[in-house]
Amino acid sequence: MFLIKTYQKFFQQLLLLYRPFENNLNIQLGKHDLHRAQWSILYYLTNYVSATLVELATYQSVEKPTITRTIARLEELEYVEHVPSKDKREKRMRLTEHGKKVYSEVRVTIDQYEQDILKGITEEEQLAAIRIMGEIRNNIIK
C-alpha cells in the first residue's frame, strides 16, 4: 500500500474540483448565452477597463488566435468594441454600454452560484485559499 502524500492529495482535489466547477459555471452562463472564456473577458474588461488581445491571452493563458475568435464573437454580440489607439498593430478592447449592462445582469447569476458553492467556508478560509492559489499560479508561470 502506498502512502499518499499531502501535496498529491491537494492536486488530486484540485483536478476533481476544476471540471465540475467549469461545467456548472457554463450551465449558469448558458442562461445568458455565454461561456467561461467570454465571461472571463467581460470580467477582465470590467475590472481593468480596457486590454489588448495579448493581455487577454496572457490573462487566460491561451494563444492569441483563441482570444481573437472569442473577441470576434463578443463584438458580434456588441458587448465589446475597439479602443482607438496610436499603435495600429495593437488591438485594444473595452466593454460597450450594452456589454456593461450584460455583465451586471450575468454577475447576479454568477454571484448566486459562487455563494452557493462556498457555503460553509468562512471569508478567512476563502482569503487563505485565494492567497495559496495565487502563489501556486506564480510558481507555475515562473
**Study point:** E55 side-chain N/O to T52 backbone N/O, donor-acceptor pair under 3.5 Å
**Key:** yes

Check your understanding: CG of L16: more than 12 outside heavy atoms within 6.0 angstrom?
Key -> yes

Check your understanding: How far does NZ of K100 sit from CG of L45, to the nearest 0.5 angstrom?
Key -> 10.5 Å

Review point. Would the number of heavy atoms belonging to other residues, nucleotides or ligands and lying under 6.0 Å from CD of E63 be above 12?
Key: no

Review point. Taking a hydrophobic cluster as the set of Ile, Leu, Val, Met, Phe, Trp and Tyr residues connected by side-chain heavy atoms closer than 4.5 Å, whether directly or through intermediates, do L17 and I110 fall within one such cluster?
Key: no

Study note, to complete from the structure: Between the CD1 atom in I141 and the OG1 atom in T58, the distance rounded to the nearest 0.5 Å is 9.5 Å

Review point. When you look at OH of Y48, are more than 12 heavy atoms from neighbouring residues, nucleotides or ligands closer to it than 6.0 Å?
Key: no

Review point. Any side-chain heavy atom of L95 sitting closer than 4.5 Å to one from L42?
Key: yes

Exercise for review: Drop me the distance from E81's CD to R94's CZ, to the nearest 0.5 angstrom.
Suggested key: 4.5 Å

Review point. Taking E22 for the side chain and R19 for the main chain, is one N or O donor matched with an acceptor at less than 3.5 Å?
Key: no

Review point. Hey, what's the ring geometry for Y79 with H98, parallel, tilted or perpendicular (30° and 60° as the breaks)?
Key: tilted

Study note, to complete from the structure: Tightest non-hydrogen contact, residues Q28 and T109, listed as OE1-CG2, 3.5 Å

**Study point:** Heavy atoms of other groups near E123 CD, more than 12 under 6.0 Å
**Key:** no

Review point. Are there more than 12 heavy atoms of other residues, nucleotides or ligands under 6.0 Å from atom OH of Y43?
Key: no

Point to revise | Under 3.5 Å: donor-acceptor pair, side chain of T96, backbone of E78 | key: yes

Check your understanding: Taking all atoms of both residues into account, what is the closest heavy-atom pair of L53 and I71, and its distance?
Key -> CD2-CG1, 3.6 Å

Review point. Do L77 and D33 come close enough that some side-chain heavy atom pair is under 4.5 Å?
Key: no

Point to revise | In one Ile/Leu/Val/Met/Phe/Trp/Tyr side-chain cluster, 4.5 Å: L74, V83 | key: no

Study note, to complete from the structure: side chain to side chain contact (heavy atoms under 4.5 Å, CB included) test vs V54 passes for just one of K64, K91, E90, namely K64

Practice item. Using the rule that two of Ile, Leu, Val, Met, Phe, Trp, Tyr join whenever any of their side-chain heavy atoms come within less than 4.5 Å, decide whether V62 and L25 are in one cluster. Key: yes

Practice item. Given side-chain contact (heavy atoms from CB on, under 4.5 Å), test I136 with F10 step by step and report yes or no. Key: CA-CA 12 Å; I136 292 169; F10 178 90; 3.4 Å; yes

Practice item. Locate the shortest heavy-atom distance separating I4 from K9; write the atom from each residue and the value. Key: CG2-CG, 3.5 Å

Check your understanding: Hey, any chance I140 and Y18 share a hydrophobic cluster, counting ILVMFWY side chains that come within less than 4.5 Å of each other, even indirectly?
Key -> no

Review point. What are the two closest non-hydrogen atoms of E125 and T122, and how far apart are they?
Key: OE1-N, 2.8 Å

Exercise for review: Indicate yes or no for a side-chain donor-acceptor contact from S61 to the backbone of A57 under 3.5 Å, with no hydrogens or angles considered.
Suggested key: no

Exercise for review: Start with the C-alpha distance between Q112 and D116, add both sets of side-chain angles, then the distance that settles side chain to side chain donor-acceptor pair (under 3.5 Å), and finish with yes or no.
Suggested key: CA-CA 6 Å; Q112 186 61 58; D116 287 348; 2.8 Å; yes

Check your understanding: Salt-bridged, K101 to E97, with N to O below 4.0 Å?
Key -> no

Exercise for review: Show the numbers, then the answer: is there a side chain to side chain donor-acceptor pair (under 3.5 Å) between S50 and R92?
Suggested key: CA-CA 7 Å; S50 71; R92 183 165 285 279; 3.0 Å; yes

Check your understanding: Any donor-acceptor pair under 3.5 Å linking the side chain of Q60 with the backbone of I67?
Key -> no

Check your understanding: What class does the angle between the rings of F21 and Y113 fall in, given that below 30° is parallel, 30 to 60° is tilted and above 60° is perpendicular?
Key -> parallel

Exercise for review: List the steps, then state whether side-chain contact (heavy atoms from CB on, under 4.5 Å) holds for E75 with M93.
Suggested key: CA-CA 10 Å; E75 283 181 292; M93 306 303 296; 3.7 Å; yes

Practice item. Any chance you could pull the hydrophobic cluster mates of L118, using side-chain heavy atoms under 4.5 angstrom and chaining through other members? Key: I121

Review point. Would you say Q38's side chain and H35's backbone share a donor-acceptor pair under 3.5 angstrom?
Key: yes

